[in-house]
**Student:** 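I am attaching a structure below and will ask some questions about it afterwards.
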Number of protein chains: 2
Amino acid sequence: MTDIKSIPAPQAASLLFLREEELREGIESFFFAYRDFVSEADALLAESGMGRAHHRALYFIGRKPGITVGELLGVLRITKQSLSRVLKELVAMGLVVQTQGPEDRRQRLLRLTQSGAALEARLFTMQRARIAKAFRDAGPDAVAGFRKVLGGLRDRGDPPKRQNAGARS
Amino acid sequence: MTDIKSIPAPQAASLLFLREEELREGIESFFFAYRDFVSEADALLAESGMGRAHHRALYFIGRKPGITVGELLGVLRITKQSLSRVLKELVAMGLVVQTQGPEDRRQRLLRLTQSGAALEARLFTMQRARIAKAFRDAGPDAVAGFRKVLGGLRDRGDPPKRQNAGARS
DNA sequence: GATTTTATGTCAGTCATGTTGACATATTTA
DNA sequence: TAAATATGTCAACATGACTGACATAAAATC
């Protein structure tokens, strides 16, 4: 039923139009929502002369204390030069500490300091308010759908290895 | 039921933990999905020496042919100086044309040329493949939930007017 | 034990995209 | 006529990415 081939041309065109329209609206919603969501923490970060790159590093170090530099590079998918600058600043500001890996002493394990954790918590609290409200208003089924679609939008397969990023010449 | 105040402390803490965990996973999904989604068109844009800013302008001009510069600024929420640079390049490359507004001759109405529309279509086709697959795999209910949550994440109220952007000193 | 690979850091330069501030011009509105 | 609006433009700067090249220490392999 509703076999697209069985539909007369004008209606099929109309269906295709709606399909494209629906997808474009999805793309636009995605763009606007993401922009509004991430821009929220900027003011707080700017107070300490930081930007979004600092936020992302703080976030993922807080999420996995003891994460190595290489792992963090893999998560963020940026070059080590980019990350290095950010990490250096976070360490200089006393928000992050690096310790030598206990098994592999080449590794630098990253952890938030107390003040780093405090800043991350303040940033998370801001974003939590927004996302919690969106989740609450939309309801659990909608949240499940949100997660499901986001999962489908992710890259599948190998993350494209980038020069200078991780274990690559 | 499930009044949080009636739950003994350890379980309440556990629930709160799950709640935070759930929200963090949502934030991360959002970050990863958005990054993967928008990065896809970069290679094609780079061939012509363009970036994401060009893509966004092309996209919204294609979406509303005859859009004014001021309207586009309102959609993108960037400064006119940023947009100006991008528009100038798009016009120079023959992808966009500007025509004087028929009623208000101060306005510059923006439209895609044939090759501009062709490029936009190529870019949209790339993204359509990804989002259509995600929508199809997730199902209509999930898509509805996705849209619902995204709507809730948007800024409410006045878009924060930014200096130099639109009608402001 | 010597060699290679890996994890990390660093210097130097470039690019894309955003910002602020100031000012110019044409056109519409009051 | 005067003020407000839509647009454009010059200049300077910040952020966060990038490439390429090279350095060091430690682990893994031959």
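Just so we're on the same page: letters track the sequence lines, and every chain starts at 1.
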**Student:** Does anything in residues 32-69 of chain A come within less than 4.0 Å of DNA chain C? Heavy atoms only, and list the residues if so.
**Tutor:** A:T68, A:V69

**Student:** If the cut-off is 4.0 Å, is B:S84 near the phosphate of D:dG8, judged by side-chain N/O to OP1 or OP2?
**Tutor:** no

**Student:** From CG of B:L87 over to C1' of C:dT17, roughly how many Å is that when rounded to an integer?
**Tutor:**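 Atom-to-atom, B:L87 to C:dT17, this comes out as 14 Å.
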
**Student:** Return the value, rounded to whole Å, for the distance between atom CG of B:L73 and atom P of C:dT19.
**Tutor:**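 From B:L73 CG to C:dT19 P: 10 Å.
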
**Student:** Might you point out which heavy atoms bring B:G116 and B:L58 nearest each other, and give the distance in Å?
**Tutor:**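 Distance-wise, the nearest heavy atoms are O-CD2, 4.3 Å.
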
**Student:** B:L76 has an atom CG; how far is it from atom C1' of C:dA16, in whole Å?
**Tutor:**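 Whole-Å distance recorded here is 15 Å.
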
**Student:** Nearest whole Å is fine: how far is C:dT8 P from A:I78 CD1?
**Tutor:**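 Roughly 14 Å, once rounded to whole Å.
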
**Student:** Could you state the CD-C1' distance from B:Q107 to D:dA4, rounded to the nearest angstrom?
**Tutor:** 14 Å

**Student:** Enter the inter-axis angle for the ends of the helix from C:dG1-D:dC30 to C:dA30-D:dT1 (five pairs per end, rounded to 10°).
**Tutor:**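 Computed from the C1' atoms at both ends, the axes differ by 30°.
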
**Student:** Can you pull out every salt bridge (charged side-chain N to carboxylate O under 4.0 Å, His left out) where at least one residue sits in residues 58-73 of chain B? Sequence neighbours excluded, please.
**Tutor:** A:E21-B:R63, A:E28-B:R63, B:K64-B:E71

**Student:** Are B:S82 and C:dT17 close enough that a side-chain N or O sits under 4.0 Å from OP1 or OP2?
**Tutor:**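 For C:dT17, neither OP1 nor OP2 has a side-chain N or O of B:S82 closer than 4.0 Å.
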
**Student:** So for B:Q81 and C:dG21, does any side-chain atom that can act as donor or acceptor lie under 3.5 Å from a complementary atom in the base?
**Tutor:**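 Indeed, a donor on one side and an acceptor on the other fall under 3.5 Å apart.
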
**Student:** Taking only residues at least two apart or on different chains, which pairs with a member in residues 87-141 of chain A satisfy ring pair (Phe, Tyr, Trp, His ring centres under 6.0 Å)?
**Tutor:** A:F135-A:F146

**Student:** Please determine whether a side-chain nitrogen of the Lys or Arg among A:R156 and B:D36 lies less than 4.0 Å from a carboxylate oxygen of the Asp or Glu.
**Tutor:** no

**Student:** Measure distances between side-chain N and O atoms of A:R85 and base N and O atoms of D:dA17, and say whether any donor-acceptor pair falls under 3.5 Å.
**Tutor:** yes

**Student:** Once side-chain contact (heavy atoms from CB on, under 4.5 Å) is applied, do any residues pair with B:E47, and if so which ones, sequence neighbours excluded?
**Tutor:**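 Listed in chain order: B:L44.
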
**Student:** Restricting to side chain to side chain donor-acceptor pair (under 3.5 Å), what partner residues turn up for B:H54, sequence neighbours left out?
**Tutor:**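 Applying side chain to side chain donor-acceptor pair (under 3.5 Å) to B:H54 gives B:E89.
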
**Student:** Determine whether A:Q100 and A:Q107 make a side-chain contact, defined as any pair of heavy atoms from C-beta on separated by less than 4.5 Å.
**Tutor:**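 No, too far: nothing below the 4.5 Å cut-off.
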
**Student:** Report, one pair per line, the protein and nucleotides 25-28 of chain D atoms (nitrogen or oxygen only) whose separation is under 3.5 Å.
**Tutor:**
{"unit_1": "D:dA27", "atom_1": "OP1", "unit_2": "A:E103", "atom_2": "O", "d": "3.4"}
{"unit_1": "D:dA27", "atom_1": "OP1", "unit_2": "A:R105", "atom_2": "N", "d": "3.3"}
{"unit_1": "D:dA27", "atom_1": "OP2", "unit_2": "A:R105", "atom_2": "NH2", "d": "3.4"}

**Student:** Can you list every pair that meets salt bridge (charged side-chain N to carboxylate O under 4.0 Å, His left out) and has a residue in residues 91-105 of chain B, with sequence neighbours left out?
**Tutor:** B:D104-B:R106

**Student:** Figure out the CD/P separation between B:Q98 and C:dA26, and round it to whole Å.
**Tutor:** 16 Å

**Student:** Could you tell me how far apart B:E71 (CD) and D:dA6 (C1') are, to the nearest whole angstrom?
**Tutor:**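 To the nearest whole Å, that distance equals 12 Å.
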
**Student:** Could you state the atom-to-atom distance from CZ of A:R108 to C1' of C:dT6 in whole Å?
**Tutor:**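 Computing the A:R108:CZ to C:dT6:C1' distance gives 13 Å.
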
**Student:** Taking salt bridge (charged side-chain N to carboxylate O under 4.0 Å, His left out) as the cut-off, I'd like each qualifying pair that reaches into residues 119-129 of chain A, sequence neighbours left out, listed once.
**Tutor:** A:E120-B:R24

**Student:** Tell me, which pairs form a salt bridge (charged side-chain N to carboxylate O under 4.0 Å, His left out) where one or both residues lie in residues 49-58 of chain A, sequence neighbours left out?
**Tutor:** A:D42-A:R52

**Student:** Between D:dC18, C:dT10, C:dG9, which nucleotide has the shortest distance from any of its atoms to the side chain of A:K88?
**Tutor:**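 Closest nucleotide among those given: C:dT10.
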
**Student:** Excluding sequence neighbours, so at least two apart, what forms side chain to side chain donor-acceptor pair (under 3.5 Å) with B:S84?
**Tutor:**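 Side chain to side chain donor-acceptor pair (under 3.5 Å) check on B:S84 returns nothing, list empty.
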
**Student:** Could you list all the side chain to side chain donor-acceptor pair (under 3.5 Å) pairs where at least one residue sits in residues 133-144 of chain B, not counting sequence neighbours?
**Tutor:**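 Of all non-adjacent pairs touching residues 133-144 of chain B, those that pass side chain to side chain donor-acceptor pair (under 3.5 Å) are B:K133-B:D137.
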
